[in-house]
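Okay, structure first, notes after.
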Amino acid sequence: MNDHYAAPRHSLSPNAVKYWRMEELISNVIAGVILAVLLYLDWLFGWYSWIGWVLIGLAVIFLIGIVWSILSPPLTYKSWRYDLDEEFLHLQFGIWSRTEQLVPMTKIQAVSLTQGPLMRKYKLASLSVETMGSSHAIPALPKEKAAELRVKIAHFAKIKEVEQ
Amino acid sequence: MNENRRHHPSFILFKIGKLIRNSVFIFLFLFIFQSDNHSALFLYGRYIFLLFILWSIVSAVLNWLTTTYSLDNQRFYLRRGIFSKTEQSIPFSKVQNINRHTSFSHRLFGLTSISFETGIAGEDASVKFEVATKKEAARLEAAVQEPSKFVEDEPQTSLNETEAPACAEQVPYVSKPQDDRVIHFQPTHRDLLKASMTSFSFFLLVPLLASLLYNISEVIGIEERLDRIGTSLVSSSLGITAAILLIITASFIFGIVHTFIKYGRYEISSDSTRVYIKKGVLSEASFSIAKERVQAIEITQSFSKRIFGLAEVKLISAGSLSMESDDLSISSLYPFLPKKKAYSIVSELLPGYHIQEDMHRLPRRSFWVRMIKPSWLWLIATALLFYFQPNFLGINSTWWIASILLLVLVVISRILDFLHTRYCLNDEMIQLKNGGYTSTLFVTKRGKIVEVEITQNRIQRALGLSSLQTVTRARPIHTSYLEDVPDSLARTFQGWYRGRTKEVKLDTTNHDNSLPEFR
């Protein structure tokens, strides 16, 4: 009975780290190019000085973002845990502040599986679950595992409480 | 199945009445005050206005003609739409609460309006009957409340559909015996006087007058005349004192009258299955909810109410609480209940809810966590004050005085919040209390909690503290927080929440309807 209340057991796919890094890399390259073009144009046309300061500010944030995007994926991966049984879906995540969510299966209204082009490359999928008030997502599960979980959750969630 | 019916014919009258009320100012402006203005704008404006009125009247009639409803012993069937038709069926089991409102004009005609609020998301969340005879409203209400006992009657307003001969057995509806209804609370004059002091409604007179004046001066220029009166008053000190005294007394009288009209004929009653709240002197509003549909209870005490020992009890429902404007909404049992009465009335109304008065407090260490937390409000306000350097009443150092005052208020609020925060878990009940100047006690059962969340940041982790959050159904979704509780409580809380499966009843009937969708 006691292990029932224990922390959730399962982690995400190990590929998740690679996937997040690649995703971050792509978006960083795009943001970097845009920023570089803007800085160049600012230098070329001598825009108002405050625009220059804003761009420098953005560049600083961008650099911090790059450092964080290199550091964070393994930490996010380590922090993520999920678990489910026929009664509850149990999620736990967060690097700085840890969040633990407990969602009764009977309150789940929809399950959906999404897979972007980059996720397909790493054979990943994300599973999201909608309840009356919010939606919860398990990012970056192995594709087969995600499909299996979707069927499982759909089956458990089929039983509804008497609505009161 | 019952036959299709149209809404009461005076539905059209009410629509037109509302139209007149909303457009009377435009009418006065276009045709009376600016009647000698012949510019193109006004000329075409008048035509467009007349067309708009004509179209509104025609659409009101067409709407009435095309909107029909019927009901059987399980659901409403609604049809509406002039060009594109909409058909809707809403099962009674989805109805969360029933709101009824009898405005002054309804009363003149002996009519009423009724709406059945469901927990469905979106526009079609309620089944509304804006105009209905009292008998019809009672019939609808009875049908929803006790579908099994529902029998049809009142054939006179039905549509004559040729293919459906009147073969349904027509048994006159026997009105539900009301003798098991118990009245729990009716305010006395003393209660009302206290209420008028704490509600601050005496502050309402001045802004009300100002907005009225503004509206009038939009149309006719009376400002000049007022200016003259004003200057003659201010010129003598006697005039000023007289004017101030007049305004103060008028405000007090207005406040008391306002409270008596708004909260005068309040009545909280219940029978074995439902809770009923009725209010209003000139226009009546009533609200009823099945006891098991109450999602949670909230008891709020503002600073002024705490001084007078009063509290407000709110029943949280998954359906909408108001019919049209906020003014008609009844979310609370009574906003000015004496605190003791508030606690006792909850357990009288809702069996199974027992508010336990001695609750657990937070440990010392959570006080420090709260004090060192940066106050974003104060930081941003101080930055703004420093940047703009306002010069209030000629004091140069306004910015740091204001900043310190704000900081003091924030710190007091946090201390009060720490002192107010209490919690209690017993059996299936949870009680969470928090809040600074205004404290809120939230009470619910674990079966009603839709999901829970436990969070812990690094500082909390170092001190062995956690924060809890519960989500319950309401409109919009209601979230309650309990911050900086010991870790052990967070574990207990999780285990306690898992125990909800012992209480919830599972719906084993219609599985195929509730299949989650795949996307």
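Throughout, a chain's letter reflects where its sequence line sits, starting with A, and its residues are numbered from 1. The structure presented is a predicted model; accordingly, all values stated were derived computationally and were not measured.
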If you round to the nearest 0.5 Å, how far is [atom2] of [Y] from [atom1] of [X]?
{"X": "A:W96", "Y": "B:I459", "atom1": "CH2", "atom2": "CD1", "result": "5.0 Å"}
{"X": "B:Q460", "Y": "A:S97", "atom1": "CD", "atom2": "OG", "result": "8.0 Å"}
{"X": "A:E86", "Y": "B:T501", "atom1": "CD", "atom2": "OG1", "result": "9.5 Å"}

Verdict with supporting geometry, A:L102 and B:R498, side-chain contact (heavy atoms from CB on, under 4.5 Å): CA-CA 9 Å; A:L102 207 54; B:R498 280 183 180 274; 3.6 Å; yes
Contact summary for A:I95 and B:R458, nearest pair of heavy atoms: O-NH2, 2.8 Å
Non-hydrogen atoms of A:K107 and B:V450 that approach each other most closely: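 Reported closest heavy-atom pair: CG-O, 3.8 Å.
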Which atoms of B:I454 approach chain A - backbone, side chain, both or neither, heavy atom under 4.5 Å: both
Per-residue contact mode, B:V452 against chain A (heavy atom under 4.5 angstrom): both
Is there side-chain contact between [X] and [Y], with heavy atoms separated by less than 4.5 Å?
{"X": "B:Q456", "Y": "A:E100", "value": "no"}
{"X": "B:E451", "Y": "A:H136", "value": "yes"}
{"X": "B:R500", "Y": "A:T106", "value": "yes"}

Atom CH2 of A:W47: over 12 foreign heavy atoms under 6.0 Å: yes
Atom CE of B:M371: over 12 foreign heavy atoms under 6.0 Å: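 Buried by this count: over 12 neighbours within 6.0 Å.
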